[in-house]
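Below: the structure, in structure tokens.
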Number of protein chains: 2
Amino acid sequence: MTSRPRHPKLSDATPGGPAGHDIGSHDDEPPRLDLGQFLPYRLNSLADRISQALSRIYGERFGITIAEWRVLAWLSHREELTAKQIGEHTRMDKAKVSRAIQALEGRTLIRRTQSAQDQRVQYLHLTQQGEALLSELIPQARAWEDELLATLSSEEYRDLLATMAKLERQLTHLER
Amino acid sequence: MTSRPRHPKLSDATPGGPAGHDIGSHDDEPPRLDLGQFLPYRLNSLADRISQALSRIYGERFGITIAEWRVLAWLSHREELTAKQIGEHTRMDKAKVSRAIQALEGRTLIRRTQSAQDQRVQYLHLTQQGEALLSELIPQARAWEDELLATLSSEEYRDLLATMAKLERQLTHLER
DNA sequence: GGCAACTGGTTTCATTTGAAACTATATGTT
DNA sequence: AACATATAGTTTCAAATGAAACCAGTTGCC
């Protein structure tokens, strides 16, 4: 370890500090952490802001929670999913998925059918209403995304996705 | 609208699907959304995974919640912050900040001092214990971050931060 | 000085959350 | 066939959350 400045951190000028960070030698004064330079924090904060802004669209305009939106979106992408699968995709726990499904079914936006082979699983489908809602919601969500992305060039966007994919891979690597 | 494919979406090959998405013409069939290509979702999911992995470090090893960690980290970066300021930085609501502070004070990791000018505000400081904890925790957090970032080149890392900054700017722009 | 409007921080309360218990079905093992 | 083990999905329960009420102090205005 001890190897902090791997990535030059560009703005290594910690604004207005003795900048005597980077451990390594002996530490008499405690290490400081600039959260603005700490990727997990930055990323989280950005994602959070985006989520929140976006959830205003499907929350206020459509009365849909984030969990519900995710279920619907997955169903729009691929029909015949089970609660389990949705849970895996969205990384929401069983309970949350279950509740979202109940709520959506309550509003007849989705419908369930029992699997014939396995009585425990139930396949989920969009109803007409669900599809109708999505055909309003999805374009709006995309339009919003486009506005957000308008600030990026195609290359920047491409690179961003690629970098994120790398991080995801590394993450699964680290997780084990 | 209707202008989806602004950014060429590179891996347009949705793994194992008819890939017949991207609307554009007339829609008789409802639009489908591939969450895997939807930045808000991707970003959120990535940030979430990172947060969760990292929180294992300060959660399990140090018994610290995310909120508490954020408060501590900000205090490590700049002493003499108020609850208000921390709330602004971290975008956590008053209540959450207040609770984190209480918990941290309970464990004597931080200390408060009343402001002389304004009896309502109280400045927060790390205690010796708090500093001690951070001088263990911060290096570990950084080490973990380094492992995660090991997969990126310096340029990729730089670009990532730059792109994120752009998105953040755009977001504040859109928010108003 | 006194009154209204405001602000920093805490508390309350109803809602949301997630872990663990539970139900019902399925699979494997003897 | 009987029994243990596993799995899909639901429910329960205690803890975390956030909006709004609240308290204490401050500022502005007459």
Side-chain angles (χ1 to χ4, degrees), chain A residues 44-45 47-49 51-56 58-60 63-71 74-75 78 80-107 110-125, chain B residues 44-45 47-49 51-56 58-60 63-71 74-75 78 80-107 110-125:
Chain A
N44 208 65
S45 150
D48 210 56
R49 279 177 74 186
S51 260
Q52 215 152 316
L54 190 57
S55 86
R56 230 166 289 139
Y58 42 78
E60 288 173 11
I64 290 284
T65 69
I66 295 190
E68 288 162 19
W69 154 249
R70 285 182 183 162
V71 172
W74 272 105
L75 285 178
R78 189 180 313 188
E80 289 275 312
L81 285 166
T82 70
K84 176 95 192 295
Q85 291 173 309
I86 294 203
E88 281 158 3
H89 287 311
T90 60
R91 298 178 40 271
M92 304 193 292
D93 62 293
K94 296 140 85 62
K96 203 169 186 178
V97 175
S98 174
R99 286 164 187 144
I101 288 172
Q102 277 174 317
L104 290 170
E105 194 184 33
R107 294 178 57 190
I110 66 175
R111 189 169 41 81
R112 332 190 200 195
T113 59
Q114 219 70 26
S115 157
Q117 304 86 298
D118 189 336
Q119 289 304 118
R120 292 168 305 176
V121 323
Q122 41 203 190
Y123 293 109
L124 305 172
H125 322 266
Chain B
N44 208 65
S45 148
D48 210 56
R49 279 178 75 186
S51 259
Q52 215 152 317
L54 189 57
S55 88
R56 230 167 289 139
Y58 44 78
E60 287 174 9
I64 291 285
T65 70
I66 296 190
E68 288 162 19
W69 154 249
R70 285 181 182 162
V71 172
W74 272 103
L75 285 177
R78 189 180 313 187
E80 289 275 310
L81 285 167
T82 70
K84 178 94 192 298
Q85 291 173 308
I86 294 202
E88 281 159 3
H89 287 309
T90 59
R91 297 179 40 268
M92 304 192 292
D93 63 294
K94 295 141 82 64
K96 203 169 185 180
V97 175
S98 175
R99 285 165 187 143
I101 288 173
Q102 277 174 318
L104 290 171
E105 194 184 33
R107 294 177 57 189
I110 66 175
R111 190 169 40 81
R112 331 190 199 196
T113 60
Q114 218 70 26
S115 157
Q117 304 86 293
D118 189 336
Q119 289 306 119
R120 291 169 306 178
V121 322
Q122 39 202 193
Y123 293 109
L124 305 173
H125 322 266

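By convention in this document, chain letters (A, B, ...) are assigned in the order of the sequence lines, proteins followed by strands, and residues within each chain are numbered from 1.
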Step-by-step salt bridge (charged side-chain N to carboxylate O under 4.0 Å, His left out) determination, A:Glu105 to A:Arg112: CA-CA 8 Å; A:Glu105 194 184 33; A:Arg112 332 190 200 195; 2.9 Å; yes
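Here the P atom of nucleotide C:dA24 and the CZ atom of A:Arg120 are 14 Å apart, to the nearest Å. Rounded to whole angstrom, the span from the CD atom of A:Glu68 across to the C1' atom of C:dT17 amounts to 14 Å. One atom, CD of A:Gln52, and another, C1' of D:dA19, lie 13 Å apart when rounded to the nearest Å. Here the P atom of nucleotide C:dT25 and the CD atom of A:Gln117 are 16 Å apart, to the nearest Å. A:Glu105 has its CD atom 13 Å from the C1' atom of D:dG9, to the nearest Å. The distance from atom CG of A:Asp48 to atom C1' of D:dT17 is 13 Å, rounded to the nearest whole Å. If you measure from atom NZ of A:Lys94 to atom P of C:dG18, you get 14 Å, rounded to the nearest angstrom. Taking atom CG of B:Leu104 as the reference point, atom P of C:dG9 lies 15 Å away to the nearest angstrom.
Here B:Lys96 reaches the OP1 or OP2 of D:dT17: one of its side-chain N or O atoms lies under 4.0 Å away. The side chain of A:Gln119 places no N or O atom within less than 4.0 Å of a non-bridging phosphate oxygen (OP1 or OP2) of D:dG9. At the phosphate of D:dG9, neither OP1 nor OP2 sits under 4.0 Å from any side-chain N or O atom of A:Ser98. Contact annotation: B:Arg112 side-chain N/O to C:dG8 OP1/OP2 distance is not under 4.0 Å. Residue A:Lys84 places at least one side-chain N or O closer than 4.0 Å to OP1 or OP2 of D:dA8. In this model, the phosphate group of D:dT10 is approached by a side-chain N or O of A:Gln122 to a distance below 4.0 Å at OP1 or OP2.
How far CD1 of B:Ile86 is from CZ of B:Arg78: 11.0 Å, rounded to the nearest 0.5 Å. A distance of 3.0 Å separates NE2 in B:His125 from OG1 in B:Thr113, rounded to the nearest 0.5 Å. If you take NZ on A:Lys84 and NE2 on A:His89, they are separated by 11.0 Å, rounding to the nearest 0.5 Å. Considering CG of A:Asp93 and CZ of A:Arg99, their distance stands at 7.5 Å, rounded to 0.5 Å.
A donor-acceptor pair under 3.5 Å is absent between the side-chain atoms of B:Glu80 and the main chain of B:Tyr123, judged by distance alone.
Residue A:Gln114 is out of contact with every strand shown, counting any heavy-atom pair closer than 4.0 Å. Using a 4.0 Å heavy-atom criterion, one finds that A:Ala83 contacts the sugar-phosphate atoms exclusively. Looking at heavy-atom distances under 4.0 Å, A:Thr82 makes contact with sugar-phosphate atoms alone, never a base.
Residue-to-nucleotide contacts include no donor-acceptor pair under 3.5 Å from the side chain of B:Arg99 to the base of C:dG9.
Looking only at side-chain heavy atoms (C-beta outward), B:Tyr58 and B:Thr65 stay at 4.5 Å or farther from each other. A 4.5 Å side-chain heavy-atom check between B:Arg91 and A:Asp48 finds at least one atom pair inside the cut-off.
Comparing the end axes of the helix from C:dG1-D:dC30 to C:dT30-D:dA1, each fitted to five base pairs by superposing C1' atoms of four pairs onto the next four, gives an inter-axis angle of 10° (nearest 10 degrees).
Nearest-nucleotide positions on DNA chain D for B:Thr65 and A:Gln102 put A:Gln102 closer to the 5' end.
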